[in-house]
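Here's the structure we're looking at; comments come further down.
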Number of protein chains: 2
Amino acid sequence: MTNSTVKPHHHGDLREALISSGIELLEEGGITALTLRKCAARAGVSHAAPAHHFEGLQGLIGAITNRGMTMFAKAMQGKIDATDGLPFPTLFAMCEGYLSFFIENQALANLMFNQKSEVMTTSTTGRSNNSAFKILVSSCAPFKHGPMGHQATEYAVWSLIQGFSHLSIMGQISCTEEQPQICFADLLSILNLQVAD
Amino acid sequence: MTNSTVKPHHHGDLREALISSGIELLEEGGITALTLRKCAARAGVSHAAPAHHFEGLQGLIGAITNRGMTMFAKAMQGKIDATDGLPFPTLFAMCEGYLSFFIENQALANLMFNQKSEVMTTSTTGRSNNSAFKILVSSCAPFKHGPMGHQATEYAVWSLIQGFSHLSIMGQISCTEEQPQICFADLLSILNLQVAD
DNA sequence: TATCAAACTTGACAGTGTAAAGATGATAAA
DNA sequence: TTTATCATCTTTACACTGTCAAGTTTGATA
């Protein structure tokens, strides 16, 4: 075995199976349902098996966060790919994907954004591994930036969609429960954004 | 004892003491440090005593959320009271108090806003008991509202400051770490707000 | 075939929430 | 003052959790 793809012995690919089980449990019963022992049981292994793949529960949560981030990026990119590529439709599609991911993966989204793991941090390595963050940045790029530069635009858009998504799934905001995307469009229009020359 | 102030028998006021202990534990060791048994120990009672005052751990968390909401409202109102009362300074002060509370009570703020308890809900009774929400609404009132009315303005401001506060304490946003209020001012200026005639 | 390291199991332990039943003590009625 | 009552709190018990240590199995390699 000289290549980099590690072929496990017994289970097949326990590490990935445990992550999948974890996400399932998360969506079925929320954060309190996510336990190492239940993940192990669902993957058909003993309760101590996960210890050989993750550094405790926190390690599994970190791995789940990583998996979640690729799902998250895919959700946003999928919406963006369905547009004509113009600045405003692209920005809105990005936000649409952001919000959709939160609604369709409530517990997972909450777990991810209440985490201070590597990919969720402002660290350079975290950012370079975070394609979701890159999508956000590139969606904001075509617009005029104020005196504080592109970062202020990015943070404004990010804060707005993050806050809206979070408050929505927490039931603290209720405009149109069926289609909150429509409601968010009004909020986005309050932002003073103009396409750069 | 015909008046409404209940005088407890043994402890004095165990219920409030447990809430205080809970908030302490929360700030000292984060959400994982908040356990019924530790709260009980800190209050000097047996581990099963809390059951007579709260419906399990979830009940205690609800009570902590309520206590936290009054602290939260006080933080915002305090900043507002120090202004001249004009619309923009008042709005900014409200946001300043919002952010300050998150920074100074990270674990508590996280607990509160990851909760679907009564006060945090869009229900009428929840809203009427939530002075923090009223402060937000009144801070947004003086401004011109778009075609979607005052609610769109409120949700835009709320989402922006909630998202920014949340991402800040999670270390996912870093403009000026010492004084993030200054950074938020730039974001708030991107919002297209004008004082109504 | 023998070796050996990785993958997994077994057993144990301290914490946790929660329930049931008993003890305590403040209040109110006698 | 004495007694009865009941909310308050304690004790005991149980299932579940994360984590550790030791043993066992497995499959690739020599």
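All chains are named by letter (A, B, ...) in the order of the sequence lines, taking the proteins before the strands, and each is independently numbered beginning at 1. Being a predicted model, the structure only gives us computed values, none of them experimental.
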Exercise. Test for a donor-acceptor pair under 3.5 Å between the base of dG15(C) and the side chain of His47(B), counting only N and O atoms.
Key: no

Practice problem: Could you walk me through whether Tyr98(A) and Gln162(A) pass side chain to side chain contact (heavy atoms under 4.5 Å, CB included), step by step? | Solution: CA-CA 8 Å; Tyr98(A) 201 116; Gln162(A) 163 65 31; 2.8 Å; yes

Practice problem: Walk me through it: do Leu14(A) and His52(A) pass the test side chain to side chain contact (heavy atoms under 4.5 Å, CB included)? | Solution: CA-CA 10 Å; Leu14(A) 182 55; His52(A) 297 268; over 6 Å; no

Tell me whether the OP1 or OP2 atom of [N] has a side-chain N or O from [X] closer than 4.0 Å.
| X | N | answer |
| --- | --- | --- |
| Thr35(B) | dT16(C) | yes |
| His53(B) | dA7(D) | no |
| Lys38(A) | dC16(D) | no |

Quiz prompt | Interatomic distance, Arg67(B) atom CZ to Glu16(B) atom CD [nearest 0.5 angstrom] | solution =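 The CD atom of Glu16(B) is 5.0 Å from CZ of Arg67(B), to the nearest 0.5 Å.
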
Spacing of [X] atom [atom1] relative to [N] atom [atom2], expressed in whole Å:
| X | N | atom1 | atom2 | answer |
| --- | --- | --- | --- | --- |
| Phe54(B) | dT8(D) | CZ | P | 12 Å |
| Leu60(B) | dT18(C) | CG | C1' | 14 Å |
| Glu16(B) | dT8(D) | CD | P | 13 Å |
| Glu55(B) | dG17(C) | CD | P | 16 Å |
| Leu34(B) | dG15(C) | CG | P | 18 Å |
| Ile31(A) | dT16(C) | CD1 | C1' | 16 Å |
| Leu14(B) | dT10(D) | CG | P | 8 Å |

Quiz item: In chain order, what residues pass the side-chain hydrogen bond (donor to acceptor under 3.5 Å, both in side chains) check against Arg15(B), with sequence neighbours excluded?
Solution: none

Quiz item: For DNA chain C, whose closest nucleotide is more 5', that of Gly44(A) or that of Arg37(A)?
Solution: Gly44(A)

Practice problem: Using the closest heavy atom to pick a nucleotide of DNA chain D for each, name whichever of Ala48(A) or Ala33(A) lands nearer the 5' end. | Solution: Ala33(A)

Practice problem: Could you pick out which residue, His52(A) or Leu36(A), lies toward the 5' side of DNA chain D when each is mapped onto its nearest nucleotide? | Solution: Leu36(A)

Quiz item: Between Glu28(B) and Lys38(B), is there a side-chain N and carboxylate O pair less than 4.0 Å apart?
Solution: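 Salt bridge absent between Glu28(B) and Lys38(B).
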
